[in-house]
Amino acid sequence: MIWAVANANVALVKYWGRAPGDDHQPAGTSLSLTLDGLVSGARVEERPDAGADHVAWVPPGPVGDLRRFVALARGRLGIERPVDVLITSNFPVAAGLASSASAYAALTTALAALATDIPSADRLAAIARRGSGSACRSLLGGFVQWRPGEEAGAVTQIAPPEHWPLAVLAAVTDNGPKRVPSREGMRRTRDTSPYFDAWLRVGAADLDAARAAVRSRDLHALGTAAERNALRMHAAALGADPPLLYWEATTVAVIREVWRLREDGTPAYFTIDAGPQVKVLCEPADSPRVERALADVPGVVRILRSRPGGPPRTLREPPAWAVHATLGAPPVGEEA
Ligand code: PMV
């Protein structure tokens, strides 16, 4: 039995739209920060006597997607025996906090440990993105770029986590699952939003600005590029038919609070993925003040603290926070 754990990541320049074709290639280049402490764990065990793979999420999640992914990954990694898979996370799942990224990065890492040959990083990235596009970015730590194309180095680290000790606060505004999964949201935006082409065009400039800001550790430049890019992604999504509105009233209240903090002299910047939660970047020294301000916004349920994190790891035992999930999991042989 093998466990792997992987951190979530937050996109500073978003992946929102696939290229045509069915290989889950992104339409544009994205840039993320791997988030320490927002972790998913995957337990994988070979089951030589079982007739088929058994998969489970704790709490329950989309097992059909998981089963298809396991079949694909086993095929690509040459794992012949059926496997038993359990996935769990230490933070709210399916609510725009990138739990699918950490989950599929952890699972890819655990399955790779069962492969007879050691797969290259490029091959692992190509597998992980089939589970969730952003999962390929969680295979690396720190600041990570993912660009379209099959050639080597599509997913690269542009700076390690220790390059820039930023604080990241996730304001959870809603613990429920998101309304429209990102896969469907992207498809709908690409197929129906008149702003999709414009979104792809401006992404390149946001990426250049964000990369330069990471290199020079310029929080204002990075934060404004990330905010701009997130708002543009959501603008494109709002233009879809039917429209995609991922925000709640509290989401907007948190945006306004971040802007108020800035007007009052505290550099803090937000980004929002395909859900109502808001992630805020700031200097570690300002983090307690920013956290208090965010926690005081009516409707904010909790604040998760993070900072730049590292790559996945394999373990022989479950991480302490995952032990309860293993106790409640369905026994091998039963469907989740
Ligand atoms: O990785 P997916 O397919 O769940 O899509 C991720 C989409 C966003 O989180 C909104 C943006 C991103 O780049 O992570």
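One-based numbering, in listed order, for ligands and for the atoms of each.
Exactly one of Arg81, Arg74, Arg67 qualifies for a salt bridge (Lys or Arg N to Asp or Glu O under 4.0 Å) with Asp53. That residue is Arg74.
The stretch residues 111-126 participates, sequence neighbours left out, in no salt bridge (charged side-chain N to carboxylate O under 4.0 Å, His left out) pair at all.
Not a single N or O atom of Met186, backbone or side chain, sits closer than 3.5 Å to an N or O atom of ligand 1. Looking at Tyr15 next to ligand 1, an N or O pair under 3.5 Å apart turns up.
Here the OG1 atom belonging to Thr250 is positioned 12.5 Å from the CD atom belonging to Glu257, to the nearest 0.5 angstrom.
Numbered from 1 in the order shown, with element, the atoms of ligand 1 that lie under 4.0 Å from a heavy atom of Ala274 read 10 (C). Using a 4.0 Å cut-off to heavy atoms of Ser182, the atoms of ligand 1 that qualify are 2 (P), 3 (O), 4 (O), 5 (O). Atom numbering of ligand 1 starts at 1 in the shown order; those under 4.0 Å from a heavy atom of Ser100 are 4 (O).
Heavy atoms from other residues, nucleotides or ligands lying under 6.0 Å from CD of Glu162 number more than 12.
Ligand 1 has no atom lying under 4.0 Å from any heavy atom of Ala101. Distances shorter than 4.0 angstrom do not occur between any heavy atom of Arg183 and any atom of ligand 1. Residue contact check for ligand 1: Arg129 places no non-hydrogen atom closer than 4.0 Å to it.
The ring-ring contact (aromatic ring centres under 6.0 Å, His included) check on Phe270 picks up Trp259, with sequence neighbours excluded.
Both the backbone and the side chain of Ser134 come within 4.0 Å of ligand 1, judged by heavy-atom distances.
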